Amino acid sequence: MTVERIGDISTQGLNENKMSNKEHTMLKHIKIIILLFLGLSQTISAQEEEEKDDIGTETVTVTKAYTPTISDAFKIKSTPNLNDSIVLQKKKIEYNIFSVPVASTFTPAKGQASAVKKTPPPVLYNSYASGGGGNPANVMGKFYTSKTIDRESGYTIGLDHSSSRGDIDGVALDNIYSNSKLDAAYIKRDRDFDWGADISAQHQLYNWYGIPDGVFTEEIVNSIEERQNYFKAGAGGYINMEDSYFENAKLNYRRFWDATKSGENRAVFETGLGFPVAEEKLEIKAEADFVNGKFENSSLNNQSSVPGIKYSNLQVGLSPNLVMAGEDYSLNLGVKLVYGLDMENSDSNFYIYPSVSASYRLLDETAIVYGGVEGDRKQNSYYGFVEENPYVSPTLTIQPTDKQYDGYVGLKGQLLPNLSYNVKASYTAENRIPLFKLNPQNTLRDDEKGYFYGNSFEVFYDDMKTIGVFGELNVDVNRNFTLGVNAEYFNYNTETDNPAWNLPELKGSLFMDYQIGEKWYAGANLFYVGSREDVATIANASGVPSSFTAEIIELDSYFDANAHIGYRWNDQLSFFLKAANIANNNYQRWANYPVQGLQILGGATYKFDL
């Protein structure tokens with residue numbers, strides 16, 4: 001009984017649970033339907049609301065760059081099928097190593113990398129000595145050394161001597177000469193600057209031998225003291241700066257004197273400044289040049305040798321210059337301001353000179369046009385005149401030259417890679433230009449030295465305008481052969497209407513250098529100087545040059561050919577042979593002063609380290 005009740009109760013509970021599940025599911029479906037209905041009605045009402053509140057339509061266009069992409073292709077992976085009717089099976093193979101000892105004496109050599117054969121650099125020596133001799137009793141000797149003290153300093157010493165016994169035919173007096181020179185310098189280099197100092201000494205011996213045979217009696221010729229000795233001593237120093245407005249400075253002093261108690265002092269100071277101006281550069285150069293001296297004897301126009309001649313000239317210059325440069329041009333715009341003072345005569349003047357130059361590249365390196373207008377005040381000196389003409393008398397008047405302007409225009413360039421040219425035309429105006437002319441024959445004088453027989457030269461100052469034309473060609477056939485030729489033409493117009501004494505209208509030269517293999521070398525040069533004019537005068541008691549007896553002398557034009565050849569025995573020893581005045585022409589460079597004829601000189605040069 002009890003069991004059946006329990007079963008009835010359980011069955012009833014199950015039925016009730018089934019009914020409740022169905023009812024629950026039905027209620028759930030009803031809820032969903034109600035929610036859908038409410039949502040639909042809400043949407044309809046919203047649309048109606050939007051239609052009521054319509055604010056219009058608007059179209060928005062969105063633009064985007066098209067960026068396509070490429071997808072990887074899908075490949076079907078498949079294993080190929082073999083259609084062979086017979087499929088062979090691979091047989092397994094086993095390998096065994098059978099070692100047998102073998103005696104061998106072979107030793108492989110190490111390989112070496114191939115290298116490009118290089119030319120060994122030339123051996124450099126810091127010293128050399130050279131000596132030679134020839135006719136007529138010519139002797140030469142040179143010595144030079146350049147020693148390094150440390151990485152930043154060093155010194156150089158040079159000695160040079162040349163002399164000859166002369167033996168010139170047709171002259172009455174001795175014509176020997178000698179020239180000996182010593183130079184020494186010290187150099188010091190620092191990071192931002194370098195500086196140096198130098199000293200020099202020189203002795204020159206010449207003779208006033210310009211008296212032809214038969215002009216004077218043998219007694220007078222034997223009484224003439226024709227020998228002159230010149231002496232020079234100098235010292236100087238310099239400094240160059242890097243990355244500084246102050247660029248450089250230089251100071252030089254020179255003492256010059258002779259055997260007639262004439263003497264001269266000269267001191268020159270130069271300095272330079274540089275300032276950047278935008279992309280250009282402003283250069284300022286300053287100079288102070290002082291020269292003074294005296295001659296024991298007066299001009300040979302006078303009957304008496306007293307009083308002597310004194311001179312003292314000072315000039316101070318300032319040169320501002322604006323430098324502009326581009327890819328195809330360069331331009332220098334400047335001016336030179338000079339103050340000149342003649343201390344002996346208490347006379348002073350202020351000078352303004354142009355300093356303008358320019359160049360422009362017309363056709364790359366083929367044609368470059370250039371030109372300029374420049375002027376300067378040149379300080380003349382006794383030493384400078386002796387260097388140009390050693391036969392001047394110690395009775396000179398020393399005055400500065402006023403070069404008012406020198407205007408020029410030219411064209412230069414390279415016609416071929418190994419052929420260059422340069423042509424130029426110029427017009428120059430100068431005041432007090434020094435011209436050498438013969439001193440008058442003044443036998444009324446009794447000076448100690450015999451330079452008053454019409455065998456010495458004076459300096460004659462004249463104002464002159466000159467037209468000049470210059471042309472030059474240079475050929476570099478190869479690294480071993482070079483050839484050059486140049487010529488100049490001048491047209492002179494003097495203020496006094498006198499000829500431009502001892503100045504030629506035409507000059508030319510040709511030079512050549514040839515390296516013949518590694519051992520031999522040779523060279524040659526040829527000079528041509530056109531005709532010149534001088535005047536021979538005889539002084540009288542009046543002392544007025546315009547009243548002297550005068551005769552114009554025409555000096556013929558001349559060629560002077562010279563050549564040399566050398567042989568390098570080794571890196572240290574070489575031999576040379578030189579020939580001068582090959583045409584054996586006793587031409588006259590100065591009136592009554594014929595030169596030596598053919599001269600042959602041979603010698604050797606030895607390089608070494610000290």
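All of these numbers come straight from a predicted model, not from anything done at the bench.
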Item to check | Atom pair CD (Glu458) and CG (Leu396), whose distance is rounded to the nearest 0.5 Å | outcome: 8.5 Å

Checklist entry - Can Asn138 and Ser164 be said to form a side-chain hydrogen bond (donor to acceptor under 3.5 Å, both in side chains), step by step? => result CA-CA 4 Å; Asn138 291 347; Ser164 175; 2.5 Å; yes

Item to check | Over 12 non-hydrogen atoms of neighbours within 6.0 angstrom of NZ in Lys403 | outcome: no

Checklist outcome for this item: residues 123-166 vs ring-ring contact (aromatic ring centres under 6.0 Å, His included), sequence neighbours excluded, gives none

Checklist entry - In chain order, what residues pass the salt bridge (Lys or Arg N to Asp or Glu O under 4.0 Å) check against Asp258, with sequence neighbours excluded? => result none

Item to check | Ion pair check, Glu225 and Lys449, cut-off under 4.0 Å | outcome: yes

Next on the checklist: Centroid separation under 6.0 Å, is that true for the rings of Tyr593 and Tyr391?
Outcome noted: yes

Item to check | Rounded distance [0.5 Å steps], CG in Asn175 versus CD1 in Ile168 | outcome: 4.0 Å

Item to check | His564/Tyr521 under side-chain contact (heavy atoms from CB on, under 4.5 Å): CA gap, chis, key distance, verdict | outcome: CA-CA 8 Å; His564 68 272; Tyr521 61 91; 4.3 Å; yes

Item to check | Contact check, side chains of Asn332 and Leu322, non-hydrogen atoms, under 4.5 Å | outcome: no

Next on the checklist: Which heavy atom of Asn380 sits nearest to which heavy atom of Gln399, and what is that distance?
Outcome noted: ND2-O, 2.6 Å

Checklist outcome for this item: Sorted by chain and residue number, the salt bridge (Lys or Arg N to Asp or Glu O under 4.0 Å) partners of Glu226 (sequence neighbours excluded) come out as none

Checklist entry - When you look at Ser330 and Ser359, which way does the side-chain hydrogen bond (donor to acceptor under 3.5 Å, both in side chains) test go after all the steps? => result CA-CA 5 Å; Ser330 66; Ser359 67; 2.6 Å; yes

Item to check | Check against side-chain hydrogen bond (donor to acceptor under 3.5 Å, both in side chains), Thr428 and Asp406 | outcome: CA-CA 4 Å; Thr428 307; Asp406 177 13; 3.0 Å; yes

Item to check | CZ (Arg255) with more than 12 external heavy atoms under 6.0 Å | outcome: yes

Item to check | Greater than 12 external heavy atoms within 6.0 Å of Lys519's NZ | outcome: yes

Next on the checklist: Per the salt bridge (Lys or Arg N to Asp or Glu O under 4.0 Å) rule, what does the pair list look like for residues 564-578, sequence neighbours excluded?
Outcome noted: none

Checklist entry - What residues, two or more places apart in sequence or in another chain, satisfy ring-ring contact (aromatic ring centres under 6.0 Å, His included) together with Tyr606? => result Phe608

Checklist entry - Are Gln202 and Asn179 linked by a side-chain donor-acceptor pair shorter than 3.5 Å? => result yes

Checklist entry - Charged N to carboxylate O below 4.0 Å: is that the case for Glu270 and Lys250? => result yes

Checklist entry - Which residue pairs pass the salt bridge (Lys or Arg N to Asp or Glu O under 4.0 Å) test with at least one member in residues 359-379, sequence neighbours excluded? => result Asp328-Arg361, Lys336-Asp376, Arg361-Glu365

Checklist entry - Side chains of Tyr353 and Val335: does their closest heavy-atom pair fall under 4.5 Å? => result no

Checklist entry - For the residue pair Tyr382 and Phe295, is the inter-centroid distance of their aromatic rings smaller than 6.0 Å? => result yes

Checklist entry - What about the rings of Trp195 and Tyr186, do their centers lie closer together than 6.0 Å? => result yes

Next on the checklist: Measuring only between side-chain heavy atoms, which start at C-beta, is Asn292 closer than 4.5 Å to Met343?
Outcome noted: no

Checklist entry - Going by heavy atoms in the side chains, are Gln414 and Leu419 under 4.5 Å from each other? => result no

Checklist entry - Between Ala579 and Ile600, what is the shortest heavy-atom contact and its length? => result CB-CD1, 3.7 Å

Item to check | Greater than 12 external heavy atoms within 6.0 Å of Asn570's CG | outcome: yes

Item to check | Any residue meeting ring-ring contact (aromatic ring centres under 6.0 Å, His included) with Tyr383, in chain and number order, not counting sequence neighbours | outcome: Phe256

Next on the checklist: Within the 3.5 Å criterion, strictly below it, is a donor on Asn486 or Ser509 matched to an acceptor on the partner's side chain?
Outcome noted: yes

Item to check | Asn562 versus Asn525, side-chain donor and acceptor atoms under 3.5 Å | outcome: yes

Checklist entry - Do the side chains of Asp190 and Glu152 get nearer than 4.5 Å, heavy atoms only? => result yes

Next on the checklist: Tell me whether Phe231 at atom CZ has more than 12 heavy atoms from other residues, nucleotides or ligands lying less than 6.0 Å away.
Outcome noted: yes

Checklist entry - For Lys294 and Tyr311, which heavy atoms make the closest approach, and how far apart are they? => result N-CE2, 3.9 Å

Checklist entry - Can you find a heavy atom in the side chain of Tyr451 that is under 4.5 Å from one in the side chain of Asn297? => result yes

Checklist entry - Do Ser178 and Ser163 meet the criterion of a side-chain donor-acceptor pair at a distance under 3.5 Å? => result no

Checklist entry - Once you round to the nearest 0.5 Å, how far does CG of Asp194 lie from CZ of Arg189? => result 7.0 Å

Checklist outcome for this item: On a heavy-atom basis, the closest approach of Val392 and Val386 is CG2-CG2, 4.0 Å

Checklist entry - What's the spacing between Lys147 NZ and Thr156 OG1 if we round to 0.5 Å? => result 13.0 Å

Checklist entry - Would a 4.5 Å heavy-atom cut-off, applied to side chains only, mark Pro434 and Phe385 as touching? => result yes

Checklist entry - Which residues satisfy the salt bridge (Lys or Arg N to Asp or Glu O under 4.0 Å) test with Lys607, sequence neighbours excluded? => result none

Item to check | Residues that Phe559 engages under ring-ring contact (aromatic ring centres under 6.0 Å, His included), provided they are two or more places apart | outcome: Tyr528

Item to check | Min side-chain heavy-atom separation Asn581-Tyr587 under 4.5 Å | outcome: yes

Checklist entry - Can you list the residues that meet the side-chain hydrogen bond (donor to acceptor under 3.5 Å, both in side chains) rule with Ser153, with sequence neighbours excluded? => result Asp150

Next on the checklist: Minimum heavy-atom separation for Ser312 and Phe290, please, with both atom names.
Outcome noted: OG-CE1, 3.5 Å

Checklist entry - Distance from Phe490 atom CZ to Thr466 atom OG1, nearest 0.5 Å? => result 8.0 Å

Checklist entry - Do you know the tightest heavy-atom contact between Ile516 and Ala522? => result CD1-CB, 4.2 Å

Next on the checklist: For the OH atom of Tyr567 and the CG atom of Leu577, what is their distance to the nearest 0.5 Å?
Outcome noted: 15.0 Å

Next on the checklist: Just to verify, what does Phe350 make a ring-ring contact (aromatic ring centres under 6.0 Å, His included) with, not counting sequence neighbours?
Outcome noted: none

Checklist entry - What pairs meet the side-chain hydrogen bond (donor to acceptor under 3.5 Å, both in side chains) rule with one or both residues in residues 275-290, with sequence neighbours excluded? => result Glu247-Lys281, Arg266-Asp289

Item to check | Over 12 foreign heavy atoms within 6.0 Å of CD, Gln572 | outcome: yes

Checklist entry - Would you call the rings of Tyr370 and Tyr408 parallel, tilted or perpendicular if under 30° counts as parallel and over 60° as perpendicular? => result tilted

Next on the checklist: Angle between ring planes, Trp590 versus Phe436, binned at 30° and 60°: parallel, tilted or perpendicular?
Outcome noted: perpendicular

